[in-house]
Amino acid sequence: MSSSSSASCNVSGSSNSSESMKDLYPLWKFVVKGDKISGGGGNYNWKCNFCGEVKNGSYTRVKAHLLGKQGKGIQTCNKVKIDDLAKLRSLHRESEDYKKSLLPKVPPFSNEPISSHTSTEATSMRLGSFDNVKKRKSKNTISDAFNVKSRDHLDSEIARMFYTGGLPFNLARNPYYVSSYTMAANSNLSGYKPPGYNKLRTTLLCKETENVDRLLQPMKATWKTKGVSIVSDGWSDPQRRPLINIMIASETGPMFMKAIDCSGEIKDKDFIATLLSEVIDEIGDQNVVQIITDNASNCKAAGELVEGRYPHIYWTPCVVHTLNLAMKSICAAKNVLNNVEVYDECHWITEVHADALFIKNYIMNHSMRLSMFNKFSPLKLLCIADTRFASIVCMLKRLKLLKTSLQSMVISENWSLYKDDRRGQASHVREKILDEIWWEKVDYILDFTRPIYEMIRVCDTDKSSLHLVYERWDIMVQKVKDAIYKKEGKLDYEQSTFFNVVKGILSSRWSKGSTPLHSLAHSLNPRFYTEEWLNEVPGRVAPNADNEISTQRLQCFRRLFQSPDERFKINTEFAIFSQKSEGIFLNIDCMHDMALMDAKNWRATYGSQVPMLQGLAYKLLGQPSSSSCSERNWSTYKFIHSCTRNKLTPKRAQDLVYIHNNLRLLSRRSEEYTKGRSKLWDVGGDEHDNLGEVGILEMAELSLDEPEMENMIFDDVLGDADNLTEEQVDEIFNELQRDFKDGSFKEKGWPSTMAAYIVSKAALNAYTRILTQRYPSIIINCVCSGFVKTDINKNLGHLTVEEEGASPVRLALLPHGSPSGLFFLRNEVSSYD
């Protein structure tokens, strides 16, 4: 072979000379180029100066071999050292930048024609000097070739539609908006006119209702085996019309059923029970496991009527409503005759909250004070509605986050110079903001209510959680006790009057909000019969050994199975399962997987020996515990249910709400919902175009506490695990650095808050997957150990450092042969996606 360069393996630093910059293919220097391969193209035989192996191919393969790029049809070089690799990449980057600089600049788009001769000639001269491309002359300009003028004109027409119609800019992320224009652009629809006013509200509305019904059929087909929960909630819209929202929740996802305008009706128990019974009959009573409503007396009475008509269906109060009522009883204690003890112990919390409200209102209710505050804080004070769950805690969390900014404001010269008629109020605000004892009280409230707030967040979803409520309630009470006893400096066996009051409130709400169905679902979770679970807490017993749970389980069996023969069979099957006394339950894999597998998957794998219990478990283990999916449709109904605005008949209004909700719910199950242009398109309105408008508190909620959000942001690049390379991960960081240096990182969609933190966590997850493939014999896993109290989140985390450390230590001690390449959310296997 004839050498095109020295055979040395040393890589010199890049030169700044013009000669070096003119080398368009610098990596040829690090191989010995041989004869050209016949057949055309730039293929040669060549020998690598580092590993000495003989290869063949074009410069692309040389680049892939030396730079370690996989998936290019050639083995990467394992002899290139890290320092050399960095210098090779630098040379390659410089040559690429130089090539780009030689390309013709795209001419400005204007109404003036551009000389095709000049454009083509310049292109040919620049490209021909190093790419040997055939010169082509074009009669059209680049602008004409891409119909730039027509595209600009169409963009302007669409923009005018948004501006004149008052459409939110977030609509541009709607996948149906995107697909409609894409289809029109790719179809030959000469003379096409979009549907008019009447067609949209009549013919097309009917057709789309039928289409949505077809799309929902796969979900409905699972109801017989997996069961459903009917979820309902009521409210009044701005026109004071009472509305009742009804949805169907199941393991396969929520489905909007209907929203009833109750104008002229009395929403008593009989009216609500009739509505619920109609829905039950429509979907089939044998498919219904439970009805979830709030805890209002008329809803409870209606639930009892429904239970009387359908003995196998349970009325279940919303767990989140129950927790919220408990939170209000603790944090907003009333000074009434039958609440003296609670008020004596908890009135200080009410006073702290009142001070927080006073501070917020004093600043926000005057433009000058609000302007002054905005100069000291990039975050906003929030107006949190009383109807929001845990509103008091949310208010105090935000104030704690703003503590430094508030203190800087009240000690500033601007505050002292500000003249106001209410000097006494200003002094009171300043005094509270600078009072460390007051802030200690805020910290204490957040500490002991954090377990309640955490459980609200866990249950406030349409995901399966009915079988977890019983256990998590006990854990929540214990964590509340730990926080209070730590503050009071008490030992576990000592008495705390304050904790006894808080526990009394929680116990009272549990007795009103729990049903035998919670105990039965708890009893069917295989994890609660494992040694690992029993040993987590001293004195913990399995569900079949707990008298309260066993009593309520037997009550459920009596209602669900009317025949004595059926009850005998189900009791026998439960005994076999709970005691692991025979058959498949004695299998070592079966017992091992009880602690690791999802409850429903374990039942599907090992439950065939007890078919009646298996069928019952399929239904109960897939049910939610709250009515949250019903509440989230309030604003939707308010937005489009206006017969005056849309001149719709009640039936068409119902169809419009039905289509609107179900298409949104269905789109959330698609892959496009988690990545790309339409990611989270129906969340957050105009302010969710990127995360730039989201403050640190929201980032704590979305990113620091939700690991799937970190991966979702970069899934487009880091999501292909099989073809993922270190270069791709490196490029993410390099791109962030370049965009930050030139000031374009906001425009290009990077998070404006803690971008480096978020990117590093996503990249760490990606790197875990790379190492797993590279070292299959080593157990390599990634873990998110939870939302920890740290300086970066102003100590708003839920876990201590000691609690956080348990998860990685557990993974580090896994025995040989354990699973590798997984992502753990604390102690449970989760998904990288």
Side-chain angles (χ1 to χ4, degrees), residues 324-325 327-335 346-450 452-453 456-457 635 684-685 687 693-702 753 793-797:
N324 194 51
L325 291 172
M327 190 82 85
K328 285 186 175 180
S329 298
I330 296 169
C331 297
K334 296 181 180 179
N335 187 13
C346 300
H347 71 277
W348 65 274
I349 304 175
T350 309
E351 293 171 358
V352 170
H353 179 234
D355 290 334
L357 281 176
F358 185 84
I359 292 171
K360 187 264 295 183
N361 291 333
Y362 183 78
I363 294 172
M364 294 191 68
N365 290 349
H366 196 286
S367 59
M368 289 293 292
R369 294 190 290 265
L370 184 59
S371 175
M372 188 188 309
F373 168 78
N374 290 334
K375 293 178 181 179
F376 287 89
S377 174
L379 299 181
K380 299 176 183 178
L381 282 165
L382 299 179
C383 290
I384 301 173
D386 290 337
T387 54
R388 176 175 173 173
F389 295 136
S391 58
I392 295 175
V393 173
C394 292
M395 167 63 70
L396 295 180
K397 285 181 71 175
R398 174 51 65 116
L399 272 188
K400 181 179 178 180
L401 204 61
L402 295 169
K403 176 182 175 182
T404 302
S405 299
L406 289 169
Q407 290 182 335
S408 300
M409 178 184 69
V410 297
I411 64 175
S412 68
E413 185 178 1
N414 292 343
W415 183 270
S416 60
L417 294 177
Y418 176 65
K419 302 298 181 183
D420 187 16
D421 295 336
R422 291 166 287 189
R423 299 299 297 175
Q425 293 183 359
S427 299
H428 177 72
V429 168
R430 186 178 188 276
E431 177 185 340
K432 287 298 176 186
I433 290 176
L434 297 178
D435 186 355
E436 287 300 323
I437 296 177
W438 186 81
W439 286 108
E440 287 179 7
K441 292 180 180 179
V442 171
D443 290 339
Y444 184 27
I445 294 170
L446 294 178
D447 282 341
F448 84 81
T449 59
R450 184 171 291 112
I452 307 174
Y453 182 75
I456 287 176
R457 292 192 62 195
S635 58
E687 294 188 353
E693 295 298 320
V694 183
I696 190 171
L697 180 65
E698 287 77 6
M699 287 303 299
E701 300 294 271
L702 292 176
T753 306
N793 59 36
K794 308 291 185 182
N795 290 310
L796 288 175

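Keep in mind that what you see is a predicted model, and the values were worked out from it rather than measured. Sequential numbering from 1 along the given sequence is applied to the chain's residues.
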Measure the shortest side-chain to side-chain distance between Met364 and Phe373 over non-hydrogen atoms and say whether it is less than 4.5 angstrom.
no
Output the distance between atom NZ (Lys360) and atom CZ (Arg398), rounded to the nearest 0.5 Å.
12.5 Å
Mind telling me whether Phe448 and Trp348 have parallel, tilted or perpendicular rings, with 30° and 60° as the class edges?
tilted
Roughly how far apart are Asp435 CG and Gln407 CD, rounded to 0.5 Å?
10.0 Å
Answer whether the closest heavy-atom distance between the side chains of Ile392 and Ile445 falls below 4.5 Å.
no
Provide the closest heavy-atom pair for Ile433 versus Trp439 in the form atom of the first, atom of the second, distance.
O-NE1, 2.7 Å
Near Lys403 NZ, under 6.0 Å, is it more than 12 heavy atoms from other residues, nucleotides or ligands?
yes
Looking at every heavy atom in both Met409 and Ile363, which two are closest together, and how far apart are they?
CE-CD1, 3.8 Å
Nearest 0.5 Å, please: how far is NE2 in His353 from CG in Leu399?
9.0 Å
Beyond-backbone contact of Phe358 with Lys432, side-chain heavy atoms, under 4.5 angstrom
no
Does the pair Ile452 and Ile330 meet the rule for a side chain to side chain contact (heavy atoms under 4.5 Å, CB included), with working shown?
CA-CA 11 Å; Ile452 307 174; Ile330 296 169; 4.2 Å; yes
Are side-chain heavy atoms of Ile411 and Arg430 found at a separation under 4.5 Å?
yes
Answer with yes or no after comparing the ring centroid distance for Phe376 and Trp415 against a 6.0 Å cut-off, counting only values under it.
no
Heavy-atom distance under 4.5 Å between the side chains of His347 and Glu351, does that happen here?
yes
State the OG-CG distance between Ser405 and Asn374, to the nearest 0.5 angstrom.
10.5 Å
Closest non-hydrogen contact found for Ile456 with Asn324 is CD1-N, 4.4 Å
Cys331 and Ile349: which non-hydrogen atoms are nearest, and at how many Å?
CA-CG2, 3.7 Å
A side-chain contact here means heavy atoms from C-beta on lying under 4.5 Å apart; do Met327 and Thr449 qualify?
yes
Could you measure the distance from the CG atom of Leu446 to the SG atom of Cys394? Nearest 0.5 Å is fine.
10.0 Å
Val410 side chain near Leu434 side chain, heavy-atom distance below 4.5 Å
yes
Residues two or more places apart in sequence or in another chain: which of them pass side chain to side chain donor-acceptor pair (under 3.5 Å) with Trp438?
Asp355
Atom pair OG (Ser412) and NZ (Lys375), whose distance is rounded to the nearest 0.5 Å
9.5 Å
Which pairs pass salt bridge (Lys or Arg N to Asp or Glu O under 4.0 Å) with one or both residues in residues 404-416, sequence neighbours excluded?
none
So which heavy atom on Ala333 is nearest to which on Thr350, and how close?
N-OG1, 3.5 Å
What pairs with Asp443 under side chain to side chain donor-acceptor pair (under 3.5 Å), at least two apart in sequence or on another chain?
Lys400
